[in-house]
Asker: 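Mind having a look at this structure? Questions to follow.
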Amino acid sequence: MVGAGRPRPRPSVPAGGPVSIKVTTVNVNGIRAAYRKGMDAWLATEEPDVVLVQEVRAPDDIVRSLIGDGWHVVHQACTVKGRAGVAIASRLPLSAARIGLAEVEPDVDTGRWVEADVELPSGGTLTVVSTYIHSGTAGTPKMDEKYAHLEKVTARMRELASAGGFTVVAGDINIAHRNNDIKNWKGNLKSAGFLPEERAYLDVWFDELGFVDLGRRFAGDVPGPYTWWSNRGQAFDNDAGWRIDYHLTTPALADAARSIEVGRAASYDTRWSDHAPLTAVYDI
């Protein structure tokens, strides 16, 4: 499942010494549309080492063709045409890849979870996960599907936490955790993505399993910074957004984090997705 692209050379480092790894997660809202709107130029400018992509909505051959040479690629398309899809693209070699959360998944759960072990230039590995949680619709069977998937996600995250080491679970979680993660929190108390039952899963991930919400750790107790804005009205221009894209890291990786930044576009018409890239730099 690993692409044949040749990774670019990395700076030489002393054996066992640290090196900076730039990891970006982004929901592209359709990878073909994102590339037409400028995602390729963004990649060339930002030069991430690893890109975790969600809502790919394209078959494997299209994904690999667009990402191009120089990348190792792991991808799971959704079996429901035109929906979901997750991928990992790494300029560093991958020693292993794992797709999905069960040997046989319901169609609605496909294209939502891929893992890879990235070989670090300094030795060892960094485990990266690209995940795209269901959006859900309150009071409908879609919420039942979301909760069932969240149970599987939590079980896998428990295993990853127990393993320790350097791990980041990143992507579009489709849940705002606290009031400061959504601009209009009062108006969304009964909306999917901000229901108490959904937010409780993040409580488990942070308080019980020990994962670190890296975006919040660096931002502090402030509104946002948001990562998604509705296309309705003037949500983007007014920064009326949701913080639903995350880097969730093991404590060891959180301690190695140097920075994290939301790549909010300069203007509405220069966006190539309705989500902003979320980029962290780790010194490992």
Asker: Under the criterion side-chain contact (heavy atoms from CB on, under 4.5 Å), I'd like the reasoning laid out for Leu126 against Asp117: C-alpha separation, chi angles, the key distance, then a yes or no.
Answerer: CA-CA 6 Å; Leu126 166 65; Asp117 296 330; over 6 Å; no
Asker: Could you walk me through whether Leu92 and Ile21 satisfy the side-chain contact (heavy atoms from CB on, under 4.5 Å) test, starting with their C-alpha distance in whole Å, then the side-chain angles of each, then the deciding distance to 0.1 Å, before giving a yes or no?
Answerer: CA-CA 10 Å; Leu92 296 166; Ile21 305 295; 3.7 Å; yes
Asker: Compare every heavy atom of Pro48 with every heavy atom of Val51, then report the nearest pair and how far apart it is.
Answerer: CG2-CG, 3.4 Å
Asker: Rounded at 0.5 Å granularity, tell me how far NZ in Lys190 sits from CZ in Phe194.
Answerer: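 With rounding to 0.5 Å, NZ (Lys190) is 14.0 Å from CZ (Phe194).
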Asker: May I ask you to check whether Asp221 and Asn180 show a side-chain donor-acceptor distance below 3.5 Å?
Answerer: yes
Asker: Looking at CH2 of Trp242 and OG of Ser230, how far apart are the two atoms once the value is rounded to the nearest 0.5 Å?
Answerer: 10.0 Å
Asker: Is there side-chain contact between Val74 and Leu94, with heavy atoms separated by less than 4.5 Å?
Answerer: yes
Asker: Report whether Leu253 and Val118 are members of the same hydrophobic cluster (ILVMFWY, side-chain heavy atoms less than 4.5 Å apart, transitive linking).
Answerer: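 Yes.
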Asker: Evaluate the side-chain proximity of Arg91 to Val50: yes if any heavy-atom separation is below 4.5 Å, no if none is.
Answerer: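 Result no, sub-4.5 Å side-chain heavy-atom pair not found.
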Asker: Do Leu278 and Val281 land in one hydrophobic cluster if side-chain heavy atoms of ILVMFWY residues count as linked below 4.5 Å?
Answerer: no
Asker: Does any donor atom in the side chain of Tyr226 or His275 lie under 3.5 Å from an acceptor atom in the other side chain?
Answerer: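 On atom types as modelled, these side chains do not qualify, holding no pair under 3.5 Å.
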Asker: Evaluate the side-chain proximity of Glu46 to Lys22: yes if any heavy-atom separation is below 4.5 Å, no if none is.
Answerer: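 Result yes, sub-4.5 Å side-chain heavy-atom pair found.
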Asker: Please list, chain by chain and in numerical order, all residues satisfying side chain to side chain contact (heavy atoms under 4.5 Å, CB included) with Val222, sequence neighbours excluded.
Answerer: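 With sequence neighbours excluded, Val222 shows a side chain to side chain contact (heavy atoms under 4.5 Å, CB included) to Arg216, Ala219, given in chain and number order.
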Asker: OG of Ser273 to CD of Glu55: how many Å apart, nearest 0.5 Å?
Answerer: 7.5 Å
Asker: Flag the pair Lys152 / Asp109 as yes when at least one side-chain heavy-atom distance between them is below 4.5 Å, and no otherwise.
Answerer: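 Touching, per the 4.5 Å side-chain cut-off.
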Asker: Hey, could you give me each pair passing salt bridge (charged side-chain N to carboxylate O under 4.0 Å, His left out) that has a residue in residues 263-275? Not counting sequence neighbours.
Answerer: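 Pairs touching residues 263-275 that pass the test: Asp239-Arg264.
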Asker: Taking Val168 as the starting point, is it possible to reach Ile99 by hopping between hydrophobic residues whose side chains are less than 4.5 Å apart?
Answerer: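 As far as the 4.5 Å side-chain criterion goes, Val168 and Ile99 are connected within one cluster.
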Asker: Taking salt bridge (charged side-chain N to carboxylate O under 4.0 Å, His left out) as the cut-off, I'd like each qualifying pair that reaches into residues 134-151, sequence neighbours left out, listed once.
Answerer: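 Every pair satisfying salt bridge (charged side-chain N to carboxylate O under 4.0 Å, His left out) with a residue in residues 134-151: Lys146-Glu198.
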Asker: Just verifying a value: how many Å separate Tyr268 OH and Trp229 CH2, rounded to the nearest 0.5 Å?
Answerer: 12.5 Å
Asker: Considering the options Asp60, Ile67, Val53, which one meets the side chain to side chain contact (heavy atoms under 4.5 Å, CB included) requirement together with His75?
Answerer: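 Answer after filtering Asp60, Ile67, Val53: Asp60.
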Asker: Taking Gly165's backbone N and O only, do any of them form a donor-acceptor pair with Thr250's side chain (distance below 3.5 Å, no angle check)?
Answerer: yes
Asker: Do side-chain atoms of Asn238 reach the backbone of Gln234 as a donor and acceptor pair under 3.5 angstrom?
Answerer: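 Yes: the side chain of Asn238 pairs with the backbone of Gln234.
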Asker: Just checking, is any N or O donor in the side chain of Trp71 or Ser90 under 3.5 Å from an acceptor N or O on the other one?
Answerer: no
Asker: Once salt bridge (charged side-chain N to carboxylate O under 4.0 Å, His left out) is applied, what residue pairs with a partner in residues 158-169 remain, sequence neighbours excluded?
Answerer: Arg156-Glu159, Arg158-Glu208
Asker: For a quick test of reading the model, state the closest non-hydrogen atom pair linking Leu195 to Leu189 and the distance between them.
Answerer: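 Taking every non-hydrogen atom into account, CD2-O, 3.9 Å.
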Asker: Below 4.0 angstrom, N of the basic side chain to O of the carboxylate: do Asp181 and Arg199 qualify?
Answerer: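 No salt bridge links Asp181 with Arg199.
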Asker: Is a side-chain N or O of Arg57 found less than 3.5 angstrom from the main chain of Asn29, in a donor-acceptor match?
Answerer: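 It does hold such a pair.
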Asker: Between the side chains of Asp107 and Thr79, does any donor sit under 3.5 Å from an acceptor?
Answerer: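 Asp107 vs Thr79: donor-acceptor pair found between side chains.
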Asker: Flag yes if Leu52 and Tyr282 sit in one hydrophobic cluster, no otherwise; membership is Ile, Leu, Val, Met, Phe, Trp, Tyr, and two members link when side-chain heavy atoms are under 4.5 Å apart.
Answerer: yes
Asker: Going by atom types alone, do Thr227 and Asp245 pair a side-chain donor with an acceptor below 3.5 Å?
Answerer: yes
Asker: Do other residues, nucleotides or ligands put more than 12 heavy atoms under 6.0 Å from the CD atom of Glu261?
Answerer: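 At most 12 heavy atoms, drawn from other residues, nucleotides or ligands, come within 6.0 Å of this atom.
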Asker: If I compare all heavy atoms of Ala84 with all of Thr110, which pair ends up nearest, and what's the gap?
Answerer: CB-O, 3.9 Å
Asker: What's the shortest heavy-atom distance between Leu66 and Tyr35, and which atoms?
Answerer: O-CE2, 3.3 Å
Asker: State, with a plain yes or no, whether a side-chain heavy atom of Leu202 is found less than 4.5 Å away from one of Tyr246.
Answerer: yes
Asker: Under 3.5 Å, is there a donor-acceptor pair between the Gln54 and Ser130 side chains?
Answerer: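 On atom types as modelled, these side chains qualify, holding a pair under 3.5 Å.
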Asker: Would His247 and Ile260 satisfy side-chain contact (heavy atoms from CB on, under 4.5 Å), going step by step from the backbone distance to the final call?
Answerer: CA-CA 9 Å; His247 278 240; Ile260 188 166; 4.0 Å; yes
Asker: Yes or no on side-chain contact (heavy atoms from CB on, under 4.5 Å) for Leu150 and Ile133, after CA distance, side-chain angles and deciding distance?
Answerer: CA-CA 8 Å; Leu150 281 166; Ile133 305 296; 3.9 Å; yes
Asker: Determine, stepwise, if the pair Asp213 / Arg243 fulfils salt bridge (charged side-chain N to carboxylate O under 4.0 Å, His left out).
Answerer: CA-CA 11 Å; Asp213 178 354; Arg243 192 178 74 95; 2.6 Å; yes
Asker: Test: salt bridge (charged side-chain N to carboxylate O under 4.0 Å, His left out). Region: residues 246-259. Which pairs qualify, not counting sequence neighbours?
Answerer: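 Those involving residues 246-259 are Arg217-Asp255, Arg258-Asp283.
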Asker: Are the side chain of Arg112 and the backbone N or O of Tyr132 linked by a donor-acceptor pair below 3.5 Å?
Answerer: yes
Asker: With heavy-atom distances below 4.5 Å as the criterion, would you say the side chains of Ile244 and Ile173 are in contact?
Answerer: no
Asker: If I take atom CG from residue Asn188 and atom CG from residue Asn179, how far apart are they, to the nearest 0.5 angstrom?
Answerer: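 It is 11.0 Å, given to the nearest 0.5 Å.
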Asker: Do Arg98 and Val114 touch side chain to side chain, with heavy atoms closer than 4.5 Å?
Answerer: no
Asker: Strictly distance-based, threshold 3.5 Å: is any side-chain N or O of Asn184 a donor or acceptor partner for the main-chain N or O of Gly187?
Answerer: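 Such a contact is found between Asn184 side chain and Gly187 backbone.
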Asker: Minimum heavy-atom separation for Trp113 to Val86, with atom names?
Answerer: N-CG2, 3.4 Å
Asker: Which value, rounded to the nearest 0.5 Å, describes the distance between Ser20 atom OG and Ile284 atom CD1?
Answerer: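 Answer rounded to 0.5 Å: 9.0 Å.
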Asker: If you look at every heavy atom in Thr270 and Ala265, which pair is closest and at what distance?
Answerer: OG1-CB, 3.7 Å
Asker: Do Met157 and Ile175 share a hydrophobic cluster, counting only Ile, Leu, Val, Met, Phe, Trp and Tyr and linking them when any side-chain heavy atoms are less than 4.5 Å apart?
Answerer: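 Shared cluster, yes.
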Asker: According to ring-ring contact (aromatic ring centres under 6.0 Å, His included), does anything in residues 156-191 pair up with another residue at least two apart or in another chain? List the pairs.
Answerer: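 Qualifying pairs, neighbours excluded: His177-Phe206.
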